[in-house]
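Lettering of chains follows the sequences in order, A, B, ..., and the numbering in each one begins at 1.
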Amino acid sequence: MSKILEKEYFSKNVVKLVLDAPEIAKTRKPGHFVIIKIGDKGERIPLTIASSDIEKGTITLVVQKVGVTSAKLLNLNVGDDVTDVVGPLGKATHIEKIGTVLCAGGGVGVAPLLPIVEGFKKAGNRVITVLAARSKDLVILEEQMREFSDEVIIMTDDGTYGKKGLVTQGMEEVIKREKVDLSVVIGPAIMMKFASLTTQKYNITTYASLNTIMVDGTGMCGACRISVGGKTKFVCVDGPEFDAHQVDFDQMLMRLGAYKDKEYAAYQEYLETVETVA
Amino acid sequence: MENLTDYLKEERSQEWRDQIRKSMKTKERTTRERVDMPEEDPNIRNKSNLEVNRGLEEELAVLEAQRCIDCANPTCMEGCPVGIYIPKFIKKIETRDFLGAAQVLKETNGLPAVCGRVCPQEKQCEASCFYTLKLKKPAVAIGHLERFAADYERNSGKASVPEVGESNGIKVGVVGSGPAGLAAAGDLAKFGYDVTVFEALHEIGGVLKYGIPEFRLPNDIVDFEIENLQKMGVNFRTNFLVGKTASFEDLKEEGFKAFFVGSGAGLPRFMNIPGENYNGIFSSNEYMTRVNLMNAANPEYDTPVISGKNVAVIGGGNTAMDSVRTAKRLGAKRSMIIYRRSEEEMPARVEEVKHAKEEGIEFMNLHNPLEYYADEDGRVKSMKVQKMELGEPDSSGRRRPIPIEGSEFILEVDTVVVSVGVSPNPIVPSSLPDLEITDWGTIVVDKDTMQSKTIPELFAGGDIVRGGATVILAMGDGRKAAAGIHKYIQEKIKAN
Ligand SMILES: Cc1cc2nc3c(=O)[nH]c(=O)nc-3n(C[C@H](O)[C@H](O)[C@H](O)COP(=O)(O)OP(=O)(O)OC[C@H]3O[C@@H](n4cnc5c(N)ncnc54)[C@H](O)[C@@H]3O)c2cc1C
Ligand SMILES: Cc1cc2nc3c(=O)[nH]c(=O)nc-3n(C[C@H](O)[C@H](O)[C@H](O)COP(=O)(O)OP(=O)(O)OC[C@H]3O[C@@H](n4cnc5c(N)ncnc54)[C@H](O)[C@@H]3O)c2cc1C
Ligand code: SF4
Ligand code: SF4
Ligand code: FES
């Protein structure tokens, strides 16, 4: 059980939560995630540890509301407990001083990108961050990203904020302008697929952090499996980061949709019964 | 072993045992038929979570207990990895001292209600019973009687908590709360250690909770036995992954002097055939975890599961049987086993295969999957299957399955559960570079003390050592390791 110590809205559907979790705070590194579960009947979902404070014994999560469990989490308040929190899970990001790092995040991927941006910056790299969203009100964590980036480029599909265009256009602008040594992309599978194709064109080593569906997060079930370089890998123990140019994103896209209908129905029901009451 | 022989002899010569032996002629005992376990109707149970075996009534239990002739040399005990004093507990049942019988069980087995249900008795204690060995008759139903005594005690509300030794304040860590870890924890507590069990998941019990289904082993029975351990002073830490949440070094700094690792065989194997990552294709671990641990079939719970109409389960072990019977209970029209050898080679327990057949499970033995096909959403819709025939025996002694060319056909399926085995959980070995492991990833230990040769304060047992075994073998390992840890710590204290 972990108590919520702070809660701050970054936007309507994105919240920062600080949890009391001294053991996890002590051992976590950028790239690690936790699995949380709310209540006896809840499901287990993975969330990246955005930052931690060893002295206070806390970890910070940045959560975007997309379905039932994330919505339940957003509905908790300071003083409430998150029933189960386990971690740190996964392999830590391999952070080194390499030169210029181009980070690209879209949608649900912006939150898990934050600790990676911070890590590369603190390791002494030049960090350029591209944030992509459909429109202005969906741009999240801009301020936090600016703190650890030498430059932040914002791309919106409809041009309501930053530049009009896709994440790949923002990335190409940078690649054409200066030498990029490494790229990290996190976001919806479709975005990672095209971001990865872009960097492949320019031969830039690229890591993608895969947000597959998970259950246990300890390598026990295989729900998170994905094909990398033709081999089946388990994202929770072999990842979450992989060489993006080897990942079969089409397969990942397909696997993410496995429970779409059930998730949608459950979310609608949740919204009707819970959120209208609240 | 001399002590044990003496002990058995002494116990057996006690007056009550003598009396009960003489109360009935041996001939009368050995000519009785073995009692049958009452079972739930197959057509009712295959639509519910009701336990299949309903347990013996008191009268039946006493009748069966009378069959045991209280052998001077009880060979049955050699077949029990935790060394239950079998004739003693059975004779207690015969005298109707059911609580006393349960107490005998608990001297050596912390989970009698579990073992009485899921032990492969026909290969263990019952295989070494005098009836099997010498009389060539069905063995005394040791497992059913064990279950009876344990259930009786639980339902009586008078369950006794095993005595624990005076606390010595020495901290010992147990990694994993499956049967190996629980057995080790129980014995360590009895020796007086300050025991903490660390479990990665949010529930205690390992495979007993996330694997073996409710209709064979109800969760509240597992919980009851765990509560007993808690009453003995064992601490439990859920959501704690040793090697990740804290390292062994961290725990040593916190004062832990020795560890027992019972982290199990968690990693599911796949066959690496085309299409295996399509939606609707699960490992049996995922399928069982969703249904058992996360309660996915109950709409009140948030975790979803796909319940198919045509379900194929690949494999012939206990896990495959549990998966295929679970699929039936989730409403499958066709629930099929696809196994590449014949029924004779099936590793699953005979009882489970029988129960599965009664419940309407189809067996496609001597068949092997080659490829899966999906619809436009990536959901599996059919598979290519090839027929097999048996050739010469292979290294395992079982006849090798050989594909029959040209026999391939397409089978319509919308859910597939791959149940072709598991590999050891890699988290502990990968966090300890000095730990000696085999090429298979199992931990190498001394077979008597269960101590690692390269890290002396680390002991291990269960599936992480054996690669995949049974509840009772895991428990036997846990008990051996507890004794090994006790010896190791006491010797260290003496040396200082
Ligand atoms: C290693 C890892 C780290 C993650 N870190 C974060 C994080 O820091 N912050 C955060 O907000 N989210 C993060 N996610 C994603 C998060 O786990 C999902 O958003 C969450 O599981 C959704 O659960 P739900 O019940 O709210 O929605 P669901 O009802 O399960 O899903 C709602 C919709 O979201 C889609 N969806 C489900 N899971 C994912 C996913 N993993 N990625 C993309 N789309 C998905 C579904 O297709 C569905 O349409 C991470 C995922 C992984 C694997
Ligand atoms: C579906 C199914 C049916 C079965 N049916 C039978 C049967 O009828 N009869 C029978 O005898 N056997 C059966 N078995 C086999 C039996 O369950 C196993 O052999 C036995 O459970 C092994 O026990 P264990 O204690 O070694 O490991 P497990 O029961 O696997 O427990 C290991 C535990 O350790 C935890 N863990 C792993 N790593 C860590 C870590 N680093 N830190 C903290 N915790 C960790 C895991 O989460 C898990 O809970 C079945 C198995 C399955 C899967
Ligand atoms: S624990 Fe298993 S092997 Fe031992 S007596 Fe009981 S059923 Fe037999
Ligand atoms: S071998 Fe069979 S008959 Fe003899 S004591 Fe054991 S259970 Fe009883
Ligand atoms: S989430 Fe179960 S193996 Fe990765």
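- Only the backbone of B:V305 comes within contact range of chain A, with heavy atoms under 4.5 Å apart.
- Of the possible polar contacts, one joining the B:K244 side chain to the A:G90 backbone as a donor-acceptor pair under 3.5 Å is found.
- Summarising the geometry of B:M294 relative to A:G42, their closest heavy-atom pair is CE-O, 3.5 Å, with the distance given to 0.1 Å.
- Within the 4.5 angstrom heavy-atom criterion, only side-chain atoms of B:D250, from C-beta onward, approach chain A.
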Only distances under 3.5 Å count here; give the side-chain donor-acceptor pairs of residues 15-26 of chain A to other protein atoms, sequence neighbours excluded, each with its distance to 0.1 Å.
from  : atom 1 : to     : atom 2 : distance (Å)
A:E23 : OE1    : B:R237 : NH2    : 2.9
A:E23 : OE2    : B:R237 : NH1    : 3.3

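- Counting only distance, with no hydrogens or angles, the side chain of A:R255 and the backbone of B:N279 share no donor-acceptor pair below 3.5 Å.
- Taking a cutoff of 4.0 Å between a charged side-chain nitrogen and a carboxylate oxygen, B:D302 and A:K72 qualify as a salt bridge.
- No donor-acceptor pair under 3.5 Å is formed between the side chain of A:D84 and the backbone N or O of B:H202.
- The CG atom of A:L89 sits 7.0 Å away from the OG1 atom of B:T245 when rounded to the nearest 0.5 Å.
- Not counting sequence neighbours, the partners of A:A208 by the side chain to side chain contact (heavy atoms under 4.5 Å, CB included) test are A:V185, A:M192, A:L210, A:A244, A:F249.
- Of all the listed residues (B:Y278, B:F282, B:Y287), the one sharing the greatest number of non-hydrogen pairs under 4.5 Å with chain A is B:Y278.
- Residues of residues 225-234 of chain A lying under 4.5 angstrom from chain B, judged on non-hydrogen atoms, are A:R225, A:I226, A:S227, A:T232, A:F234 by number.
- Chain B is approached within less than 4.5 Å, heavy atom to heavy atom, by A:R44 from residues 44-60 of chain A, ordered by number.
- For chain B, the nearby part of A:I213 is the side chain; its heavy atoms alone come within less than 4.5 Å.
- Annotation for B:P268 and A:G222: closest pair CG-N, 4.1 Å, computed over non-hydrogen atoms.
- With a 4.5 angstrom heavy-atom cutoff, B:I281 touches chain A via backbone and side-chain atoms both.
- In this structure, A:T27 contributes its side chain and B:A246 its backbone to no donor-acceptor pair below 3.5 Å.
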